[in-house]
Amino acid sequence: MTERTSVLIAGNSRSEQAVRQKRPDAKIVGVLKDLALVEYVSSEMIVDEIVIDGQMAPRGETLEQWISRYNKAFPQVSVTVVGENPGQGISQPSATKVITSQTVVVWSPKGGVGKTFISANLACAAAMATQGKAVLLDLDVCSGDVATYLDLADGPTIVEMLPELPRLRPDGLDRYTQKHASSRLNVICSPRRPEFSNLISVEHVRHLLSLAARRWGLLYVDTAPDITSDILGEVIEAASAVVLVITQDVCALRQGKVALDIFGKLGIQEESVHIVLNRGSKDAPISESKVEEYLEKRLAAVVPDDRKTVEKSVFQGRPVTLSSRTEIASAIWRLLSGISPGLPLPDTEKRQKKTRRLRFW
Ligand SMILES: Nc1ncnc2c1ncn2[C@@H]1O[C@H](COP(=O)(O)OP(=O)(O)O)[C@@H](O)[C@H]1O
Ligand SMILES: [Mg+2]
């Protein structure tokens, strides 16, 4: 038996009538006149799609802002807005708007928690989802590992770019960019030796971020832990999303909490911070729910501890997201769709997502 699409309507009886006419196969799970209620219901029951009457007015924001917030919170639900005129009818479910420009900074105040692993895999997944329209910048300028994770140890690095940078046009970046062949990810590697890191100034970083945003749209940035570094400050300022990587240990959590506090003071919006629990394990004394309770924030993803898969992937320079058969790869694909709703997931991930949700219920 094929499953019917569960549709939640934000509108009135006329919107309901229009949906019933145009989509007789749909299962209407409710008609609500308040968008705040739509959010609440979406978190409490399975909804595949919401249909919104274009005249709905959310409190304190535009309908467009509300939809963008909703998309982030419920990336699995597709959103359709119907015209003001009921005669216009309902369009087929549109995919959520595809994100084409974003600067995602992967950071943690602690070293060794998995920043490079997460950034390399997230960026590869994004490149695969966009046919190569993503770049990973390794701005851990003293001890960058991206080249090792992606097996790109021999090509150009940021250092060769520096003398040219002030005169460079966006497409000029290509000369200093390496291509990760299997994912089509563009990569700008950090200096091969730590003594070259002193050559990189904040102005260089600012200019590079701006050129790369114009050249590729989707930027992923790997970073060093030092919160006092000017380079990190510049990168965080340019970020549209920050992925804060933590692990289930007391020090990482304590420092993660301090980082959240600093983000708040810097005026970084809470919804642009995504906490990722890396090396997650059910056996850890500090459970996932305790972590959330302590940080007072929901985890965006839990990436399981899987030493064998990760070490093999690093050894081969082949990100786990290239083959989506492991739980660890699925977790990263889900993280990608949480941060960038609308980017297409591989079919296997879509199926897994649905099964997981249904099983939960
Ligand atoms: N989910 C994971 N499961 C098992 N090992 C992991 C996982 N994530 C990272 N690692 C390992 O942890 C170590 C540190 O990861 P890395 O990404 O280099 O950290 P960072 O960039 O924060 O210093 C590496 O040896 C890596 O292979
Ligand atoms: Mg690193």
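Just follow the structure's listing: the first ligand is 1, and inside any ligand the first atom is 1. As a basis for the values below, the full set of heavy atoms in this structure was taken, side chains included, without hydrogen atoms, waters or symmetry mates.
- In terms of protein heavy-atom proximity, atom 27 (O) of ligand 1 is nearest to V310 CG1, 3.2 Å.
- Residue S143: no N/O/S atom is found under 2.8 Å from the Mg ion (ligand 2).
- Residue K115 approaches ligand 1 through these ligand atoms, each under 4.0 Å from one of its heavy atoms: 17 (O), 19 (O), 20 (P), 21 (O), 22 (O), 23 (O).
- A donor-acceptor contact shorter than 3.5 Å is absent between the side chain of D48 and the backbone of T5.
- Between P304 and ligand 1, at least one N/O pair is under 3.5 Å apart.
- A donor-acceptor pair is defined here as one N or O able to donate and one able to accept, closer than 3.5 Å; such a pair exists between the side chain of H204 and the backbone of S201.
- For the pair G112 and ligand 1, a heavy-atom separation below 4.0 Å is found.
- No donor-acceptor pair under 3.5 Å is formed between the side chain of E234 and the backbone N or O of I231.
- Interface atoms of ligand 1 facing D305, defined by a heavy-atom separation under 4.0 Å, are 3 (N), 4 (C).
- Counting protein heavy atoms under 4.0 angstrom from atom 18 (O) of ligand 1 gives one or more.
- Of the heavy atoms in N278, only side-chain atoms (C-beta onward) come closer than 4.0 Å to ligand 1.
- Looking at P225 against ligand 1, nothing comes within 4.0 Å, counting heavy atoms.
- In this structure a side-chain-to-backbone donor-acceptor pair under 3.5 Å is missing from N186 to K179.
- Listed by number with element, the atoms of ligand 1 under 4.0 angstrom from any heavy atom of R307 are 4 (C).
- A donor-acceptor pair under 3.5 Å is absent between the side-chain atoms of E49 and the main chain of L8, judged by distance alone.
- Looking only at distances, a side-chain donor or acceptor of S337 sits under 3.5 Å from a matching main-chain atom of R334.
- Here the protein heavy atom with the shortest distance to atom 11 (C) of ligand 1 is R279 NH1, 3.8 Å.
- With hydrogens left out, the protein atom closest to atom 3 (N) of ligand 1 is D306 N, 3.0 Å, a heavy atom.
- When the options F117, F315, W107, Y149 are ranked by their closest heavy atom to atom 15 (O) of ligand 1, first place goes to Y149.
- The environment of R193 atom CZ is sparse: at most 12 non-hydrogen atoms of other residues, nucleotides or ligands sit within 6.0 angstrom.
- Residue contacts with ligand 1, taken as heavy atom pairs separated by less than 4.0 Å, involve I328 solely via side-chain atoms from C-beta onward.
- Numbered from 1 in the order shown, with element, the atoms of ligand 1 that lie under 4.0 Å from a heavy atom of G114 read 15 (O), 16 (P), 17 (O), 19 (O), 20 (P), 22 (O).
- The neighbour count for E195 CD, taken as heavy atoms of other residues, nucleotides or ligands under 6.0 Å away, is above 12.
- With T321 contributing its side chain and N121 its backbone, the two residues share a donor-acceptor pair below 3.5 Å.
- The existence of a salt bridge linking K257 and E296 is confirmed by a sub-4.0 Å separation between a basic side-chain nitrogen and an acidic carboxylate oxygen.
- Ligand 1 lies nowhere less than 4.0 angstrom from a heavy atom belonging to S119.
- By the 4.0 Å N-to-carboxylate-O rule, K265 lies close enough to D261 to be salt-bridged with it.
- Protein heavy atom nearest atom 21 (O) of ligand 1, with residue, atom name and distance: T116 OG1, 2.8 Å.
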